[in-house]
Amino acid sequence: MIPGSFDYHRPTSVDEAVGLLAGHAGNALILAGGHSLIPMMKLRMAMPEHLIDIQDIASLSSIEVSGPQIEIGANVTQAELIASEDLEQHCPILRETSLQIADPQIRNVGTLGGNVANGDPGNDMPAIMQLLDATYVLSGPDGSREVKARDFYEAAYFTTRDEAEMLTSIRFTAPPAGHGSSYMKQKRKIGDYATAAAGVVLTMSGDTCASASIGLTNVADTPLWAEDASNALIGTTLDDAAVSAAVDAAKAITDPAADGRGPAEYRTHVAGIMVQRAIQAAHQRAN
Amino acid sequence: MSKIDVKMTVNGKAVETKTEPRTLLIHLLREDLNLTGPHIGCDTSHCGACTVDLNGKSVKSCTVFAAQAEGAEITTIEGIAKPDGTLHALQEAFRQHHGLQCGFCTPGMITRAYRLLQENPNPTEEEIRYGISGNLCRCTGYQNIVKSIQAAAEELSVKEAAE
Ligand SMILES: Cc1cc2nc3c(=O)[nH]c(=O)nc-3n(C[C@H](O)[C@H](O)[C@H](O)COP(=O)(O)OP(=O)(O)OC[C@H]3O[C@@H](n4cnc5c(N)ncnc54)[C@H](O)[C@@H]3O)c2cc1C
Ligand code: FES
Ligand code: FES
(Lines give C-alpha, C1' and ligand atoms only; values in the text may rest on other atoms or scores of the structure.)
(Ligands and ions follow the chains in the order given, each with its own letter.)
Protein backbone atom coordinates (compact mmCIF):
# COMPACT_ATOMS: atom_id res chain seq x y z
CA MET A 1 0.00 0.00 0.00
CA ILE A 2 1.63 3.19 -1.21
CA PRO A 3 0.49 6.57 0.12
CA GLY A 4 -0.31 9.40 -2.30
CA SER A 5 2.41 11.87 -3.25
CA PHE A 6 3.20 14.87 -1.12
CA ASP A 7 5.90 17.44 -0.48
CA TYR A 8 7.93 16.85 2.66
CA HIS A 9 8.97 19.67 5.00
CA ARG A 10 11.09 19.54 8.10
CA PRO A 11 10.93 22.89 9.90
CA THR A 12 13.07 23.64 12.95
CA SER A 13 10.76 26.05 14.75
CA VAL A 14 7.07 26.32 15.64
CA ASP A 15 6.82 29.60 13.70
CA GLU A 16 8.19 27.97 10.59
CA ALA A 17 5.81 25.01 10.97
CA VAL A 18 2.80 27.28 11.49
CA GLY A 19 3.88 29.35 8.47
CA LEU A 20 3.89 26.19 6.35
CA LEU A 21 0.52 25.05 7.71
CA ALA A 22 -1.05 28.44 7.07
CA GLY A 23 0.58 28.78 3.66
CA HIS A 24 -0.94 25.48 2.53
CA ALA A 25 -4.10 25.64 4.64
CA GLY A 26 -6.34 22.70 3.96
CA ASN A 27 -3.66 20.77 2.09
CA ALA A 28 -1.04 20.33 4.78
CA LEU A 29 -0.85 18.10 7.83
CA ILE A 30 1.58 17.82 10.71
CA LEU A 31 3.54 14.56 10.75
CA ALA A 32 4.48 13.55 14.29
CA GLY A 33 5.08 9.82 14.88
CA GLY A 34 3.03 9.01 11.80
CA HIS A 35 1.49 5.90 13.36
CA SER A 36 -2.06 7.11 12.91
CA LEU A 37 -1.46 9.26 9.84
CA ILE A 38 0.65 6.94 7.67
CA PRO A 39 -1.83 4.03 7.92
CA MET A 40 -4.59 6.49 6.89
CA MET A 41 -2.45 7.70 3.99
CA LYS A 42 -1.82 4.13 2.86
CA LEU A 43 -5.57 3.62 2.73
CA ARG A 44 -5.86 6.97 0.91
CA MET A 45 -8.24 8.11 3.60
CA ALA A 46 -5.78 10.98 4.11
CA MET A 47 -4.13 12.56 1.05
CA PRO A 48 -2.29 15.66 2.22
CA GLU A 49 -0.26 17.53 -0.40
CA HIS A 50 2.23 18.67 2.22
CA LEU A 51 3.54 16.91 5.29
CA ILE A 52 5.24 18.95 7.96
CA ASP A 53 7.52 16.71 10.01
CA ILE A 54 8.01 18.27 13.45
CA GLN A 55 10.82 16.00 14.72
CA ASP A 56 13.45 18.75 14.51
CA ILE A 57 11.52 21.25 16.65
CA ALA A 58 13.35 20.68 19.92
CA SER A 59 10.95 22.75 22.04
CA LEU A 60 8.18 20.19 21.44
CA SER A 61 10.04 17.35 23.14
CA SER A 62 10.29 18.43 26.75
CA ILE A 63 8.50 17.28 29.88
CA GLU A 64 8.42 20.00 32.53
CA VAL A 65 7.27 19.35 36.05
CA SER A 66 7.34 22.34 38.39
CA GLY A 67 5.47 21.67 41.57
CA PRO A 68 2.08 20.35 40.58
CA GLN A 69 2.18 22.12 37.19
CA ILE A 70 3.03 19.77 34.35
CA GLU A 71 3.65 20.73 30.73
CA ILE A 72 4.37 18.08 28.12
CA GLY A 73 5.55 18.96 24.63
CA ALA A 74 3.36 17.69 21.78
CA ASN A 75 6.15 15.60 20.31
CA VAL A 76 6.97 13.62 23.47
CA THR A 77 6.57 9.94 22.65
CA GLN A 78 4.60 7.37 24.57
CA ALA A 79 7.90 5.62 25.38
CA GLU A 80 9.22 8.88 26.86
CA LEU A 81 6.08 9.24 28.97
CA ILE A 82 6.68 5.71 30.29
CA ALA A 83 10.33 6.45 31.08
CA SER A 84 9.73 9.73 32.93
CA GLU A 85 10.29 9.31 36.67
CA ASP A 86 8.82 12.76 37.34
CA LEU A 87 5.57 11.77 35.69
CA GLU A 88 5.50 8.40 37.43
CA GLN A 89 5.79 10.19 40.74
CA HIS A 90 3.27 12.97 40.14
CA CYS A 91 0.81 11.46 37.70
CA PRO A 92 1.26 7.68 37.30
CA ILE A 93 -1.90 7.25 35.22
CA LEU A 94 0.06 8.54 32.20
CA ARG A 95 2.49 5.65 32.40
CA GLU A 96 -0.22 3.12 33.13
CA THR A 97 -2.18 4.32 30.11
CA SER A 98 0.83 4.55 27.78
CA LEU A 99 1.74 0.95 28.57
CA GLN A 100 -1.67 -0.10 27.26
CA ILE A 101 -1.25 1.70 23.94
CA ALA A 102 -0.22 -0.42 20.97
CA ASP A 103 3.18 -2.18 21.30
CA PRO A 104 6.81 -1.24 22.09
CA GLN A 105 7.75 -0.28 18.52
CA ILE A 106 4.70 1.96 18.10
CA ARG A 107 5.20 3.60 21.51
CA ASN A 108 8.74 4.53 20.45
CA VAL A 109 7.38 6.82 17.75
CA GLY A 110 3.76 7.60 18.63
CA THR A 111 3.50 10.98 20.37
CA LEU A 112 1.20 12.42 22.99
CA GLY A 113 0.39 15.35 20.69
CA GLY A 114 -0.50 13.08 17.79
CA ASN A 115 -2.58 10.90 20.06
CA VAL A 116 -4.70 13.77 21.35
CA ALA A 117 -4.81 15.87 18.14
CA ASN A 118 -5.82 12.93 15.96
CA GLY A 119 -9.45 12.96 17.09
CA ASP A 120 -9.89 9.19 16.76
CA PRO A 121 -12.22 8.08 19.56
CA GLY A 122 -10.06 4.95 19.88
CA ASN A 123 -7.05 6.93 21.10
CA ASP A 124 -6.48 6.43 24.81
CA MET A 125 -4.93 9.74 25.90
CA PRO A 126 -7.82 12.13 25.19
CA ALA A 127 -10.01 10.67 27.96
CA ILE A 128 -7.08 10.92 30.36
CA MET A 129 -6.55 14.56 29.40
CA GLN A 130 -10.26 15.21 29.92
CA LEU A 131 -10.32 13.63 33.35
CA LEU A 132 -7.20 15.61 34.35
CA ASP A 133 -8.89 18.76 32.99
CA ALA A 134 -5.83 19.39 30.80
CA THR A 135 -5.37 22.38 28.54
CA TYR A 136 -4.09 22.10 24.97
CA VAL A 137 -1.83 24.91 23.75
CA LEU A 138 -2.31 25.66 20.05
CA SER A 139 -0.16 27.90 17.87
CA GLY A 140 -1.55 29.54 14.76
CA PRO A 141 -0.83 32.45 12.46
CA ASP A 142 -2.42 34.84 15.00
CA GLY A 143 -0.45 33.58 17.98
CA SER A 144 -1.30 30.95 20.53
CA ARG A 145 -4.47 30.03 22.37
CA GLU A 146 -5.54 27.48 24.93
CA VAL A 147 -8.41 25.02 24.66
CA LYS A 148 -9.62 22.71 27.40
CA ALA A 149 -9.40 19.02 26.50
CA ARG A 150 -13.05 18.86 27.60
CA ASP A 151 -13.99 21.35 24.84
CA PHE A 152 -11.65 20.12 22.11
CA TYR A 153 -13.46 17.14 20.58
CA GLU A 154 -16.47 17.66 18.33
CA ALA A 155 -16.94 14.32 16.56
CA ALA A 156 -14.75 11.51 15.26
CA TYR A 157 -11.75 13.21 13.60
CA PHE A 158 -13.27 16.66 14.14
CA THR A 159 -11.75 18.93 16.75
CA THR A 160 -11.77 22.66 17.43
CA ARG A 161 -8.21 22.93 16.09
CA ASP A 162 -8.08 25.15 13.02
CA GLU A 163 -6.33 23.74 9.93
CA ALA A 164 -3.64 26.40 10.27
CA GLU A 165 -2.97 25.64 13.94
CA MET A 166 -0.66 23.13 15.53
CA LEU A 167 -0.67 21.70 19.01
CA THR A 168 2.52 22.63 20.84
CA SER A 169 1.99 21.37 24.39
CA ILE A 170 -0.40 19.98 26.95
CA ARG A 171 -0.67 21.50 30.41
CA PHE A 172 -2.37 20.25 33.52
CA THR A 173 -2.20 20.33 37.28
CA ALA A 174 -1.12 17.00 38.72
CA PRO A 175 -3.65 15.46 41.10
CA PRO A 176 -2.62 15.96 44.75
CA ALA A 177 -0.12 13.62 46.45
CA GLY A 178 -1.88 10.59 47.86
CA HIS A 179 -4.40 10.41 45.02
CA GLY A 180 -5.25 7.06 43.51
CA SER A 181 -5.61 6.46 39.81
CA SER A 182 -6.22 3.68 37.34
CA TYR A 183 -6.81 3.12 33.64
CA MET A 184 -8.65 -0.07 32.77
CA LYS A 185 -8.85 -1.04 29.12
CA GLN A 186 -10.45 -4.07 27.59
CA LYS A 187 -8.98 -5.00 24.23
CA ARG A 188 -8.95 -8.15 22.15
CA LYS A 189 -5.18 -8.31 21.82
CA ILE A 190 -2.02 -6.21 22.20
CA GLY A 191 -2.13 -3.47 19.60
CA ASP A 192 -5.91 -3.23 19.57
CA TYR A 193 -7.95 -0.18 20.39
CA ALA A 194 -10.28 -0.44 23.36
CA THR A 195 -13.58 -2.30 23.30
CA ALA A 196 -14.12 0.13 26.14
CA ALA A 197 -11.79 1.76 28.64
CA ALA A 198 -12.11 3.94 31.72
CA GLY A 199 -9.71 6.13 33.66
CA VAL A 200 -10.28 7.26 37.23
CA VAL A 201 -8.41 9.69 39.47
CA LEU A 202 -9.70 10.15 43.01
CA THR A 203 -8.64 11.43 46.39
CA MET A 204 -9.78 10.20 49.81
CA SER A 205 -10.17 12.16 53.00
CA GLY A 206 -10.22 9.45 55.62
CA ASP A 207 -12.90 7.04 54.45
CA THR A 208 -14.67 9.59 52.30
CA CYS A 209 -14.02 10.28 48.65
CA ALA A 210 -13.04 13.94 48.44
CA SER A 211 -12.71 14.27 44.67
CA ALA A 212 -13.15 12.04 41.65
CA SER A 213 -12.85 12.36 37.90
CA ILE A 214 -13.71 9.67 35.35
CA GLY A 215 -12.94 9.54 31.62
CA LEU A 216 -14.12 7.01 29.01
CA THR A 217 -12.43 5.85 25.79
CA ASN A 218 -13.97 4.51 22.58
CA VAL A 219 -17.58 4.34 23.64
CA ALA A 220 -18.82 7.36 21.68
CA ASP A 221 -17.56 9.36 18.72
CA THR A 222 -15.55 11.52 21.11
CA PRO A 223 -13.76 10.80 24.37
CA LEU A 224 -16.08 11.35 27.33
CA TRP A 225 -15.59 13.06 30.65
CA ALA A 226 -18.14 11.36 32.89
CA GLU A 227 -19.09 14.28 35.10
CA ASP A 228 -22.22 12.78 36.69
CA ALA A 229 -20.42 9.51 37.33
CA SER A 230 -17.57 11.41 38.99
CA ASN A 231 -19.99 13.37 41.18
CA ALA A 232 -21.74 10.16 42.21
CA LEU A 233 -18.57 9.16 44.05
CA ILE A 234 -17.74 12.41 45.84
CA GLY A 235 -18.76 12.46 49.50
CA THR A 236 -19.35 8.71 49.62
CA THR A 237 -17.23 5.94 51.13
CA LEU A 238 -17.07 4.33 47.68
CA ASP A 239 -19.44 1.69 48.95
CA ASP A 240 -21.22 -0.62 46.52
CA ALA A 241 -24.19 1.71 46.13
CA ALA A 242 -21.97 4.66 45.20
CA VAL A 243 -19.90 2.62 42.77
CA SER A 244 -22.96 1.25 41.05
CA ALA A 245 -24.49 4.73 40.81
CA ALA A 246 -21.28 5.89 39.12
CA VAL A 247 -21.28 2.90 36.79
CA ASP A 248 -24.88 3.59 35.78
CA ALA A 249 -24.19 7.29 35.23
CA ALA A 250 -21.15 6.47 33.08
CA LYS A 251 -23.02 3.89 31.01
CA ALA A 252 -25.83 6.39 30.44
CA ILE A 253 -23.59 8.75 28.46
CA THR A 254 -22.05 6.09 26.20
CA ASP A 255 -23.14 5.74 22.60
CA PRO A 256 -20.73 3.24 21.07
CA ALA A 257 -20.76 1.99 17.50
CA ALA A 258 -21.22 -1.70 16.83
CA ASP A 259 -18.03 -3.03 15.25
CA GLY A 260 -15.69 -6.03 15.32
CA ARG A 261 -15.25 -5.43 19.03
CA GLY A 262 -18.90 -6.20 19.65
CA PRO A 263 -22.44 -4.86 19.49
CA ALA A 264 -23.17 -1.49 21.08
CA GLU A 265 -24.90 -3.02 24.15
CA TYR A 266 -21.86 -5.15 24.85
CA ARG A 267 -19.45 -2.24 24.62
CA THR A 268 -21.58 -0.18 26.99
CA HIS A 269 -21.65 -3.13 29.36
CA VAL A 270 -17.85 -3.43 29.20
CA ALA A 271 -17.53 0.32 29.82
CA GLY A 272 -19.45 -0.16 33.07
CA ILE A 273 -17.15 -2.97 34.14
CA MET A 274 -14.04 -0.94 33.30
CA VAL A 275 -15.41 1.98 35.37
CA GLN A 276 -16.08 -0.32 38.31
CA ARG A 277 -12.61 -1.90 38.17
CA ALA A 278 -10.86 1.43 37.71
CA ILE A 279 -12.67 2.89 40.74
CA GLN A 280 -11.70 -0.13 42.80
CA ALA A 281 -8.03 0.03 41.77
CA ALA A 282 -7.81 3.81 42.24
CA HIS A 283 -9.40 3.44 45.70
CA GLN A 284 -6.83 0.83 46.70
CA ARG A 285 -3.99 3.03 45.52
CA ALA A 286 -5.21 6.20 47.25
CA ASN A 287 -4.09 7.09 50.73
CA MET B 1 6.61 14.43 -7.74
CA SER B 2 10.15 15.56 -7.24
CA LYS B 3 12.64 13.37 -5.48
CA ILE B 4 14.50 14.38 -2.36
CA ASP B 5 17.96 13.49 -1.11
CA VAL B 6 18.11 11.09 1.80
CA LYS B 7 21.27 10.38 3.75
CA MET B 8 21.50 7.81 6.49
CA THR B 9 23.84 5.28 8.01
CA VAL B 10 22.69 1.72 7.45
CA ASN B 11 24.52 -1.11 9.20
CA GLY B 12 27.48 1.19 9.72
CA LYS B 13 27.72 2.31 6.09
CA ALA B 14 26.89 5.81 4.90
CA VAL B 15 24.10 5.74 2.33
CA GLU B 16 23.01 8.57 0.09
CA THR B 17 20.13 8.25 -2.33
CA LYS B 18 17.29 10.11 -4.01
CA THR B 19 13.75 9.03 -3.40
CA GLU B 20 10.15 10.22 -3.41
CA PRO B 21 8.94 11.69 -0.10
CA ARG B 22 6.25 9.01 0.02
CA THR B 23 8.74 6.14 -0.09
CA LEU B 24 8.43 4.04 3.04
CA LEU B 25 11.64 3.11 4.83
CA ILE B 26 10.98 -0.60 4.31
CA HIS B 27 10.80 -0.06 0.53
CA LEU B 28 13.99 1.98 0.49
CA LEU B 29 15.80 -0.73 2.44
CA ARG B 30 14.49 -3.64 0.41
CA GLU B 31 14.28 -2.18 -3.08
CA ASP B 32 16.98 0.48 -3.26
CA LEU B 33 19.53 -0.95 -0.83
CA ASN B 34 18.80 -4.63 -1.45
CA LEU B 35 18.46 -5.32 2.24
CA THR B 36 15.69 -7.88 2.02
CA GLY B 37 16.08 -9.17 5.58
CA PRO B 38 13.38 -6.93 7.01
CA HIS B 39 10.10 -8.32 5.64
CA ILE B 40 6.74 -6.86 4.80
CA GLY B 41 4.20 -9.05 6.57
CA CYS B 42 1.06 -7.03 7.16
CA ASP B 43 1.96 -3.56 5.86
CA THR B 44 -0.34 -2.20 8.60
CA SER B 45 2.04 -1.79 11.57
CA HIS B 46 0.82 -4.91 13.34
CA CYS B 47 3.17 -7.83 12.67
CA GLY B 48 6.65 -6.41 13.31
CA ALA B 49 8.30 -8.37 10.46
CA CYS B 50 9.64 -5.03 9.18
CA THR B 51 11.24 -4.08 12.51
CA VAL B 52 14.55 -2.26 12.25
CA ASP B 53 16.63 -0.31 14.75
CA LEU B 54 16.43 3.45 14.16
CA ASN B 55 18.65 5.68 16.31
CA GLY B 56 18.73 2.99 18.99
CA LYS B 57 15.01 2.27 19.02
CA SER B 58 12.97 -0.52 17.50
CA VAL B 59 10.52 0.77 14.89
CA LYS B 60 8.23 -0.70 12.26
CA SER B 61 9.75 0.46 9.00
CA CYS B 62 6.52 -0.06 7.02
CA THR B 63 5.12 2.92 8.91
CA VAL B 64 8.05 5.33 8.64
CA PHE B 65 8.82 7.44 5.58
CA ALA B 66 12.42 7.17 4.44
CA ALA B 67 12.49 10.97 4.61
CA GLN B 68 11.83 10.81 8.36
CA ALA B 69 14.95 8.68 8.73
CA GLU B 70 17.13 11.33 7.08
CA GLY B 71 20.30 11.56 9.17
CA ALA B 72 19.45 8.43 11.18
CA GLU B 73 21.51 5.38 12.14
CA ILE B 74 19.74 2.22 11.09
CA THR B 75 20.47 -1.40 11.85
CA THR B 76 18.72 -4.22 10.03
CA ILE B 77 19.06 -7.96 10.55
CA GLU B 78 21.92 -7.85 8.02
CA GLY B 79 23.88 -5.71 10.49
CA ILE B 80 23.45 -7.94 13.53
CA ALA B 81 26.09 -10.61 12.82
CA LYS B 82 29.80 -9.68 13.05
CA PRO B 83 31.34 -8.47 9.78
CA ASP B 84 33.28 -11.76 9.56
CA GLY B 85 29.99 -13.65 9.54
CA THR B 86 30.09 -14.90 13.13
CA LEU B 87 26.50 -15.06 14.28
CA HIS B 88 25.24 -12.83 17.07
CA ALA B 89 24.32 -14.66 20.29
CA LEU B 90 20.65 -14.17 19.44
CA GLN B 91 21.02 -15.68 15.97
CA GLU B 92 22.93 -18.62 17.38
CA ALA B 93 20.33 -19.10 20.11
CA PHE B 94 17.43 -19.04 17.63
CA ARG B 95 19.27 -21.74 15.70
CA GLN B 96 20.00 -23.89 18.75
CA HIS B 97 16.57 -23.57 20.37
CA HIS B 98 14.35 -23.83 17.28
CA GLY B 99 13.32 -20.18 17.58
CA LEU B 100 12.06 -20.30 14.01
CA GLN B 101 10.10 -22.51 11.68
CA CYS B 102 9.30 -20.76 8.40
CA GLY B 103 11.58 -17.88 9.39
CA PHE B 104 9.39 -15.10 8.06
CA CYS B 105 9.09 -13.31 11.38
CA THR B 106 12.68 -14.02 12.42
CA PRO B 107 14.51 -10.93 11.10
CA GLY B 108 12.03 -8.64 12.86
CA MET B 109 11.97 -10.84 15.94
CA ILE B 110 15.76 -10.88 16.31
CA THR B 111 16.16 -7.18 15.52
CA ARG B 112 13.58 -6.41 18.19
CA ALA B 113 15.17 -8.82 20.70
CA TYR B 114 18.57 -7.26 19.98
CA ARG B 115 17.29 -3.90 21.19
CA LEU B 116 15.27 -5.42 24.03
CA LEU B 117 18.39 -7.02 25.49
CA GLN B 118 20.17 -3.68 25.41
CA GLU B 119 17.27 -1.99 27.16
CA ASN B 120 16.96 -4.83 29.65
CA PRO B 121 19.91 -7.29 29.64
CA ASN B 122 18.31 -9.72 32.11
CA PRO B 123 14.62 -9.80 31.27
CA THR B 124 12.16 -12.12 32.98
CA GLU B 125 10.04 -14.37 30.78
CA GLU B 126 7.15 -11.96 31.20
CA GLU B 127 9.31 -9.00 30.18
CA ILE B 128 10.44 -10.86 27.09
CA ARG B 129 6.87 -11.66 26.10
CA TYR B 130 5.81 -8.06 26.66
CA GLY B 131 8.94 -6.76 24.92
CA ILE B 132 8.22 -8.73 21.75
CA SER B 133 4.47 -8.16 21.84
CA GLY B 134 4.71 -6.06 18.68
CA ASN B 135 6.08 -9.04 16.73
CA LEU B 136 3.76 -11.78 15.52
CA CYS B 137 4.78 -15.34 14.65
CA ARG B 138 2.33 -17.67 12.95
CA CYS B 139 4.44 -20.82 13.36
CA THR B 140 6.23 -21.34 16.63
CA GLY B 141 3.69 -20.48 19.29
CA TYR B 142 6.41 -18.18 20.71
CA GLN B 143 7.62 -20.75 23.26
CA ASN B 144 10.93 -21.39 21.53
CA ILE B 145 11.38 -17.75 20.61
CA VAL B 146 11.18 -16.85 24.28
CA LYS B 147 13.60 -19.67 25.13
CA SER B 148 16.02 -18.45 22.46
CA ILE B 149 15.98 -14.92 23.81
CA GLN B 150 16.49 -16.18 27.35
CA ALA B 151 19.44 -18.29 26.21
CA ALA B 152 20.97 -15.36 24.33
CA ALA B 153 20.55 -13.09 27.37
CA GLU B 154 22.43 -15.63 29.50
CA GLU B 155 25.13 -16.07 26.89
CA LEU B 156 25.61 -12.31 26.57
CA SER B 157 25.79 -11.77 30.32
CA VAL B 158 28.34 -14.57 30.67
CA LYS B 159 30.40 -12.94 27.92
CA GLU B 160 30.12 -9.55 29.55
CA ALA B 161 31.25 -10.94 32.91
CA ALA B 162 34.27 -12.51 31.19
CA GLU B 163 35.29 -9.21 29.60
C1 LIG C 1 -1.12 -1.15 15.25
C2 LIG C 1 -1.43 0.13 15.97
C3 LIG C 1 -2.08 0.06 17.19
C4 LIG C 1 -2.37 1.21 17.89
N5 LIG C 1 -3.02 1.11 19.08
C6 LIG C 1 -3.34 2.23 19.77
C7 LIG C 1 -4.02 2.18 21.00
O8 LIG C 1 -4.33 1.11 21.52
N9 LIG C 1 -4.32 3.35 21.62
C10 LIG C 1 -3.99 4.56 21.12
O11 LIG C 1 -4.27 5.57 21.73
N12 LIG C 1 -3.33 4.64 19.94
C13 LIG C 1 -3.00 3.52 19.27
N14 LIG C 1 -2.34 3.63 18.08
C15 LIG C 1 -2.05 4.95 17.56
C16 LIG C 1 -0.70 5.45 18.00
O17 LIG C 1 -0.70 5.65 19.41
C18 LIG C 1 -0.38 6.76 17.28
O19 LIG C 1 0.99 6.89 17.33
C20 LIG C 1 -1.04 8.00 17.84
O21 LIG C 1 -2.44 7.90 17.82
C22 LIG C 1 -0.74 9.21 16.98
O23 LIG C 1 0.47 9.72 17.30
P24 LIG C 1 1.53 10.03 16.18
O25 LIG C 1 2.59 10.80 16.85
O26 LIG C 1 1.90 8.76 15.53
O27 LIG C 1 0.71 11.00 15.23
P28 LIG C 1 0.60 11.12 13.65
O29 LIG C 1 0.15 9.84 13.07
O30 LIG C 1 1.83 11.73 13.11
O31 LIG C 1 -0.57 12.18 13.56
C32 LIG C 1 -1.92 11.87 13.82
C33 LIG C 1 -2.81 13.07 13.44
O34 LIG C 1 -2.60 14.15 14.33
C35 LIG C 1 -2.09 15.27 13.62
N36 LIG C 1 -1.03 15.84 14.47
C37 LIG C 1 0.03 15.18 15.00
N38 LIG C 1 0.75 16.00 15.78
C39 LIG C 1 0.14 17.20 15.72
C40 LIG C 1 0.41 18.47 16.32
N41 LIG C 1 1.46 18.66 17.14
N42 LIG C 1 -0.43 19.50 16.04
C43 LIG C 1 -1.49 19.33 15.22
N44 LIG C 1 -1.80 18.16 14.64
C45 LIG C 1 -0.99 17.10 14.89
C46 LIG C 1 -1.57 14.75 12.30
O47 LIG C 1 -1.63 15.74 11.29
C48 LIG C 1 -2.52 13.61 12.04
O49 LIG C 1 -3.72 14.07 11.49
C50 LIG C 1 -2.01 2.48 17.36
C51 LIG C 1 -1.34 2.54 16.15
C52 LIG C 1 -1.05 1.39 15.45
C53 LIG C 1 -0.34 1.51 14.16
S1 FES D 1 4.96 -5.15 7.81
FE2 FES D 1 5.41 -3.59 9.20
S3 FES D 1 4.42 -4.25 10.97
FE4 FES D 1 3.83 -5.77 9.55
S1 FES E 1 8.64 -18.79 12.17
FE2 FES E 1 7.05 -18.64 10.74
S3 FES E 1 6.16 -16.76 11.28
FE4 FES E 1 7.54 -17.05 12.88
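Residue numbers start from 1 in every chain, and the chains themselves are labelled A, B, ... in the order their sequence lines are given, proteins ahead of strands.
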Listing, residues 61-68 of chain B side-chain donor-acceptor contacts under 3.5 Å, not counting sequence neighbours, or none:
residue	atom	partner	partner atom	Å
B:Ser61	OG	B:Cys50	O	2.7
B:Thr63	OG1	B:Ser45	OG	3.0
B:Gln68	OE1	B:Phe65	N	2.8

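- Remark: B:Lys82 NZ is loosely packed, at most 12 non-hydrogen atoms of other residues, nucleotides or ligands lying under 6.0 Å away.
- Environment of CZ in A:Phe158: sparse, with no more than 12 heavy atoms of neighbouring residues, nucleotides or ligands closer than 6.0 Å.
- Other residues, nucleotides and ligands contribute over 12 non-hydrogen atoms within 6.0 Å of the NZ atom of A:Lys187.
- Around CZ of B:Arg138, the count of heavy atoms belonging to other residues, nucleotides or ligands within 6.0 Å does not exceed 12.
- Contact check for A:Pro104 versus B:Arg112: side-chain heavy atoms found under the 4.5 Å cut-off.
- With a 4.5 angstrom heavy-atom cutoff, A:Leu99 touches chain B via backbone and side-chain atoms both.
- Within the 4.5 angstrom heavy-atom criterion, atoms from both the backbone and the side chain of A:Asn108 approach chain B.
- Put simply, the side chain of B:Lys57 does not reach to within 4.5 Å of the side chain of A:Val109, judged on heavy atoms.
- Within 6.0 Å of the CZ atom in B:Arg95, the count of heavy atoms belonging to other residues, nucleotides or ligands does not exceed 12.
- With a 4.5 Å cut-off on non-hydrogen atoms, A:Leu31 touches chain B through its side chain but not through its backbone.
- Within 6.0 Å of atom CZ in A:Arg285, more than 12 heavy atoms from other residues, nucleotides or ligands are found, so the atom counts as buried in its surroundings.
- To the nearest 0.5 Å, atom CZ of residue B:Arg22 and atom CG of residue A:Leu51 are 12.5 Å apart.
- Using a 4.5 Å heavy-atom cutoff, the side chains of A:Gln105 and B:Asn135 are in contact.
- Atom SG in B:Cys42 sits 7.5 Å away from atom CE in A:Met1 (nearest 0.5 Å).
- Annotation: the span from A:Asp103 atom CG to B:Leu136 atom CG amounts to 8.5 Å, rounded to 0.5 Å.
- Put simply, the side chain of B:Glu70 does not reach to within 4.5 Å of the side chain of A:Gln55, judged on heavy atoms.
- Taking CG of B:Leu24 as the start and CE of A:Met41 as the end, the distance is 9.0 Å to the nearest 0.5 Å.
- Rounding to the nearest 0.5 Å gives a distance of 9.0 Å between CD of B:Glu20 and CZ of A:Phe6.
- The greatest number of non-hydrogen atom pairs below 4.5 Å with chain A, out of B:Ile40, B:Asp43, B:Leu54, B:Thr44, is found for B:Asp43.
- Interatomic distance, CD1 of A:Ile106 versus OG of B:Ser58, reported as 12.0 Å (0.5 Å rounding).
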